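Written out below as C-alpha cells is the structure these notes cover.
To find a chain, count down the sequence lines: A is the first, B the second, and so on, and within it residues start at 1. Everything quoted here is computed from the prediction, not taken from an experiment.
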Amino acid sequence: MYDFKEIEKKWQNYWQEHESFKAINGGDKEKYYILVEFPYPSGAGLHVGHVRSYTALDAVSRMKRMKGLNVLFPMGWDAFGAPAEQYAIKNHIHPKEAVKENIKTFKAQIERLGISFDWSREFATTDPEYYKWTQWQFLQFYKHGMAYKAKKNINWCPKCKTGLSNEDAAGGVCERCGTKVVQKEKEQWLLRMSDYAEDLLTGLNDTKFADRVKLGQINWIGKSKGAEVKFAIKDSKESLTVYTTRPDTLYGATFMVVAPEHPIIKKLKDKITNMDEIREYQEFAKSKTEFERTELAKEKTGVRIAGIKAVNPINGEEIDIWTADYVMMNYGTGAIMAVPAHDGRDYEFAKKYGIAIIPVISGGDVNKEAYTGDGVYINSGILNGINNKEEAIHKMLDYLEEQKLGTPKVNYRLQDWIFSRQRFWGEPIPLVHCEKCGWVPVPDEDLPVKLPDVANYEPTDDGESPLANIKEWVNTTCPKCGGHARRETDTMPNWAGSSWYFLRYMDPHNDKEFVSKESLNYWGKVDWYNGGMEHTARHLLYARFWNQFLYNIGLVPNKEPIDVRVSHGMILGPNGEKMSKSKGNVINPDDIVNEVGADALRTYEMFIGDYEKDASWSTNGLKGCKKFLDRIWRLGEHLNENKGYTNEVLVHQTIKKVSNDLETMKYNTAVSALMILLNDYEKHDTVSKDDLRVLIALLNPIAPHITEEINEKYILGKPLCESSWPEYDENKTVNSTFELVIQVNGKVRGREVMSMTTTKEQMEAVAMENENVKKFLTGKKIVNVVVIPNKLVNIVVK
RNA sequence: GCCUGAGUGGCGAAAUUGGUAGACGCACAGGACUUAAAAUCCUGCGGGAGUCAUAUCCCGUGCCGGUUCAAGUCCGGCCUUAGGCACCA
C-alpha cells in the first residue's frame, strides 16, 4: 500500500518549489481566468463546502493547463468584517492580529487539499497595500459625483450603542444583547447605484450567467413601468405625486396614503387638525424595525390626516389622505393612490377603516378578494367599455399627459448603496471635513488612510464609528487650506473590498496603479466565476456596478467584468440539515484529510451529486471513493509490456466524456466514467502502461497527488502537471456493434446484437424474425414500423 | 402573495434532450480466501407473478389527464418540498 500523507506532502512541495501553477502576464498561450469567491477567514476554519467549489474549479484549472492554456486561478482573503472586530473587542487585541491567525489556518488547510492556486498573487482586503486602492477608487466615485452624504434610518441598538445591519437586527432585537432595536436617523455616505439600474439590467445580456443567477439580478433591480400622477390638495398650493403601475384604475382611487415620514405632513402641519395623533403614529412607526414593518405586517394601521383633502384629478372627487406604514418612503414617491377595489392592501385598509370601495373593472368579486385581472371597465368615464388592460393604461396615460396631470415613469427597486458603516474594522473613508472647505478628499499621495494601531476602541454614545473616539486619529489638517479638519470616521462596508478584488489579481503587487492597463487588457474578463448562491444577488451586483463605473470613467476595458457565473450547492450534514456547531453535524475537512487523504476527499466531493445542488455528507460514500483510489494504485502492480490501449473504444469514449463533463460541471459523471474504465481494466488480468497512463491523466485534475505518484512510480514519465491532456479520436469512440431493441406497440419484446453497418431494412427484417416478437405479431395487423437507425425498431400492430 | 428550482430503488444518484428507466457508487445478502477477523475478490440486488433454474409476463420515475409509433423527458391541471424576493404601489 501507499502512504497518502507522505505522497500528498511530497507533491505539494513539488508544485510549490517548481511554481507549477504560476500564471504569467502575457506570452503566446491563450489566457483563461478562473475565479472562486475568496473566503472570509472566520475562526471556524475551512468548511467542507469550500472544498467542493475549490476542488471543482481546481479540476477545471488543471485540465485547462494541461490543454495548454495560461490559467489564472488566484486566491485571497475577504478579511474586513464584524466577527473579527467583535473578537478583537472582547480580547483587547487589534483585529489585524486575529485576521492574521485565521488566514494562516485557512491557508494551511487549503494547501493540504492540493488546490492549484497561484499563491504568488495572494492578498487580503485588509492589507494597507490593497485598501489603499479601494480608498482611491472610492475617491473616484466621489470626484465624479457618485458619492454623497444623506440622512438615512439605521437600525440602532441603544444598549450596544451601535448601528446594526438588517441581518443583525433580525426579529427586531439586537442579535448580541437582545435589546429592542430602534430606528435612528444618521448621515451616511451613499453611492449612486440607482443611476446604474438600467445599465445593470441590460448589461446582463453581455454575460453568460446561469439563468437562476440572471434572474436573481433582475429581481433585485426590480424594474417596473407605471406613471406618476399629481393630486392637488384642496385649498392649498401643495400637491401630492403618487407612483402607480395601474393608472387605468384612477377612477377607483377613493383615498390616498402617504408614508409616515412623508414631508407633506410637516409642510401642511398648520392646516392639519390632528397633528398630535399623527406625531404619535409617526413615533409608533419609527419604533418598528424594517423587519416588523414588512415580515410581521399582520394588520394594517394608519391615521387619517384631518383638515386636508386631496382631489382626484380624473373626476374631481375630494378624497381623504391617510398616513400608514404600509407605504414606504423609499419606493416610488412615498405616496400612493389607493384603489381598494383592485389592490389587496388597499382593500384590507379600506375595510378596516370603512372607506368607500368603487370597482372600475367588472368581473371580480370585490367583497372577497381584490380583483386585478382583465375585464370590462366600468365607473371609469373615458375608459368605460374598454376590455383590455393595456389599451386602458395607454388611453389614461395619453389623457394625463395631455392634461399635464401625470407622466409615464419607470421605477426600480434598486436603491442607492449605503456605503457607511459605524465600525472600526473596515476601510476608512478617505475624506476629511474642514470647517472652511467642507469635505475634502485625502490626496492620492497620502493614501492609504490607515486604521490606527490601537487594541481598545469602544463604541460612542451617539452612534458614531469607534474611530470617532480616537482623537489623535480623527484630528488632522485640511489638505486644501492647512487648517484644522476632522477625518471621516465611517468605514466602508464589507462589500467594498470584494467589489474589485478580481481586478487586483491581474496585477496584485502594483504600487503605482490599482491595476496596470496592460494587465487589464491581457486578462480581460473573468472567464469563469464560481460562488455561493447567497452572493448572486448583492455581491455580484455591487461588483458589476463598481466595474461599470470604472469602465465609464475609462479605467477598465470591459463594461461587464465576468463572463460565466455559476454557483455550487451546499454540503449539508449527514442528517440533511445545514452544518452548524449547535446541531453537532459539522464535518471538518482536516479530519477527513487525516483519515483518508485529500485525494479521497476531493474525489468524493466531486462524486457526491449534481454540483449545483445541495448534497448531504455521507461517510460511506467517502469510503467508496477511497476504495476507488486504492484500486487504481493496485493497478500499477498489474502492468504488461503491451503498447496501446487494451479497450480502445472505451478509452476514447472516456477521454471524451471526462473532458466534456469537466467543462460542464458534471463532475459526478466524470468520476463515474473513470470508475467504469477501471472496472473494465480489472476484468483483464493485466493492462498496458498506456492504459494506466490515460486513466491517471484523466483523474489527475480531481485527485492530483496519487496520480502524480503513480505516474512517477510506474509510468516513469514527466509529472502530469507538466504533461498534456489526453486526446481522443471521434471515430474511435464508436462501437462496431449495437444492441437492437425491438418493440411492439412501444414495449420491448426482443433484443439482437448487430453490426453498426446494418441497414434499416435489415434491422426491420431481423426484428420480424425474432421469436418472442413473433408471438406478439400473430393474429395482428401491422399498421406501421418505425426504425431508428442503430437503435430500435418499433412495430405498431392492431 | 410573487418568482425560481426539485420530486426516479433501502440510500447518493444516472439517462447522449422524445427511443432499452435505474449507469456509477453506497448499503444489504450469499460465497471465496483466512484458525478467525479486517482487507480483498466473485455473485445477486425496484416491486410482483412464474420456473428446480432459465425463459417470459404484469406494474413502476409525486398525483390526474393529454399529445405521440414511443413520455422520467413535451403540453394542461394539481400535490409536496427547498430556496430567493416581498405591504415595491
So, are [X] and [Y] salt-bridged, with charged N and O less than 4.0 Å apart?
| X | Y | answer |
| --- | --- | --- |
| Lys774(A) | Glu769(A) | yes |
| Glu37(A) | Arg565(A) | yes |
| Lys5(A) | Asp3(A) | no |

Under a 90° cut-off about 0 for the syn range, is G9(B) syn or anti?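 Here the answer is syn: the torsion falls within 90° of 0.
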From [atom1] of [X] over to [atom2] of [N], roughly how many Å is that when rounded to an integer?
| X | N | atom1 | atom2 | result |
| --- | --- | --- | --- | --- |
| Asp610(A) | G72(B) | CG | P | 21 Å |
| Glu637(A) | C41(B) | CD | P | 13 Å |
| Leu215(A) | C85(B) | CG | C1' | 11 Å |
| Trp633(A) | A39(B) | CH2 | P | 21 Å |
| Leu414(A) | C88(B) | CG | P | 17 Å |
| Asp346(A) | C88(B) | CG | C1' | 13 Å |
| His638(A) | U40(B) | NE2 | P | 14 Å |

Not counting sequence neighbours, which residues clear ring pair (Phe, Tyr, Trp, His ring centres under 6.0 Å) with His652(A)? List them please.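 Listed in chain order: Tyr645(A).
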Atom [atom1], compared across [N] and [M]: separation rounded to whole Å:
| N | M | atom1 | value |
| --- | --- | --- | --- |
| U68(B) | G76(B) | C1' | 16 Å |
| A29(B) | G10(B) | C1' | 13 Å |
| G22(B) | C11(B) | C1' | 13 Å |
| G60(B) | U8(B) | C1' | 10 Å |
| U80(B) | A70(B) | C1' | 29 Å |
| A15(B) | A23(B) | C1' | 8 Å |
| C79(B) | C63(B) | P | 15 Å |
| C58(B) | G62(B) | C1' | 22 Å |

Minimum-distance nucleotide (side-chain atoms of [X] versus [options]):
| X | options | answer |
| --- | --- | --- |
| Asn784(A) | C87(B), C69(B), U40(B) | C69(B) |
| Val748(A) | A89(B), G25(B), A21(B) | A21(B) |
| Asn668(A) | C87(B), A14(B), A89(B) | A14(B) |
| Lys666(A) | G25(B), A15(B), U4(B) | A15(B) |
| Lys775(A) | U56(B), A89(B), A15(B) | U56(B) |
| Lys747(A) | C57(B), C59(B), C3(B) | C59(B) |
| Arg634(A) | C41(B), A89(B), C3(B) | C41(B) |
| Asn679(A) | C24(B), U56(B), G19(B) | C24(B) |
| Ile788(A) | C24(B), C57(B), G19(B) | G19(B) |
| Asn794(A) | C87(B), G25(B), A70(B) | A70(B) |

For Cys625(A) and Lys613(A), find the nucleotide of RNA chain B closest to each by heavy atoms; which residue's nucleotide sits nearer the 5' end?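 By nearest-heavy-atom nucleotide position, the 5'-most residue is Lys613(A).
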RNA chain B nearest-nucleotide lookup for Arg749(A) and Asp614(A): closer to the 5′ end is Asp614(A)
For [X], report the nucleic acid contact type (base, sugar-phosphate, nothing); a contact means any heavy atom under 4.0 Å.
| X | result |
| --- | --- |
| Asn772(A) | sugar-phosphate |
| Asn411(A) | nothing |
| Thr669(A) | sugar-phosphate |
| Gly216(A) | nothing |
| Tyr604(A) | nothing |
| Gln743(A) | base |
| Lys627(A) | sugar-phosphate |
| Leu792(A) | base |

Between the base of C87(B) and the side chain of Lys300(A), is there a donor-acceptor distance below 3.5 Å? yes
Phe628(A) and Phe607(A) aromatic centres sub-6.0 Å: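 Between Phe628(A) and Phe607(A), the centre distance exceeds or equals 6.0 Å.
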Contacts under 3.5 angstrom, residues 732-750 of chain A side chains, donor-acceptor by atom type, not counting sequence neighbours:
from      : atom 1 : to        : atom 2 : distance (Å)
Thr733(A) : OG1    : Glu730(A) : O      : 2.6
Asn745(A) : OD1    : Val797(A) : N      : 2.9
Asn745(A) : ND2    : Val797(A) : O      : 3.4

Are there over 12 heavy-atom neighbours, none belonging to Lys352(A), within less than 6.0 Å of that residue's NZ?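 Yes, enclosed.
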Phosphate OP1/OP2 of A89(B) contacted by Tyr331(A) side-chain N/O (<4.0 Å): yes
Is the distance from OP1 or OP2 of A86(B) to the nearest side-chain N or O of Arg413(A) less than 4.0 Å?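 Answer yes for this pair, as a side-chain N or O of Arg413(A) is under 4.0 Å from OP1 or OP2.
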Which residues, if any, of residues 650-663 of chain A bring a heavy atom under 4.0 Å of RNA chain B?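 None, since no heavy atom is under 4.0 Å.
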Residues which pass salt bridge (charged side-chain N to carboxylate O under 4.0 Å, His left out) with Lys208(A), listed by chain and number, not counting sequence neighbours: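 With sequence neighbours excluded, Lys208(A) shows a salt bridge (charged side-chain N to carboxylate O under 4.0 Å, His left out) to Asp563(A), given in chain and number order.
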If you apply the rule side chain to side chain donor-acceptor pair (under 3.5 Å), what do you find for Tyr604(A) with Asp599(A), and how did you get there? CA-CA 8 Å; Tyr604(A) 170 60; Asp599(A) 284 333; over 6 Å; no
For Tyr243(A) and Ser224(A), run side chain to side chain donor-acceptor pair (under 3.5 Å): C-alpha distance rounded to whole Å, both residues' side-chain angles, the deciding distance at 0.1 Å, then the answer. CA-CA 11 Å; Tyr243(A) 174 73; Ser224(A) 84; 2.8 Å; yes
So, the side chain of Thr249(A) versus the backbone of Gly252(A): is there a donor-acceptor pair under 3.5 Å, distance only?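 Flag not set: sc Thr249(A) to bb Gly252(A) has no pair under 3.5 Å.
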Runs of at least three Watson-Crick or G-U pairs with RNA chain B, cut-off 3.5 Å: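 The stems that RNA chain B takes part in, listed by first number, are B:1-7 with B:79-85, B:10-12 with B:24-26, B:28-32 with B:40-44, B:46-49 with B:56-59, B:62-66 with B:74-78.
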Pairs flagged by side-chain hydrogen bond (donor to acceptor under 3.5 Å, both in side chains) wherever residues 665-678 of chain A is involved - sequence neighbours left out: Asp661(A)-Thr669(A)
Stepwise ring-ring contact (aromatic ring centres under 6.0 Å, His included) check, Tyr412(A) with Trp220(A): CA-CA 9 Å; Tyr412(A) 300 93; Trp220(A) 197 269; over 10 Å; no
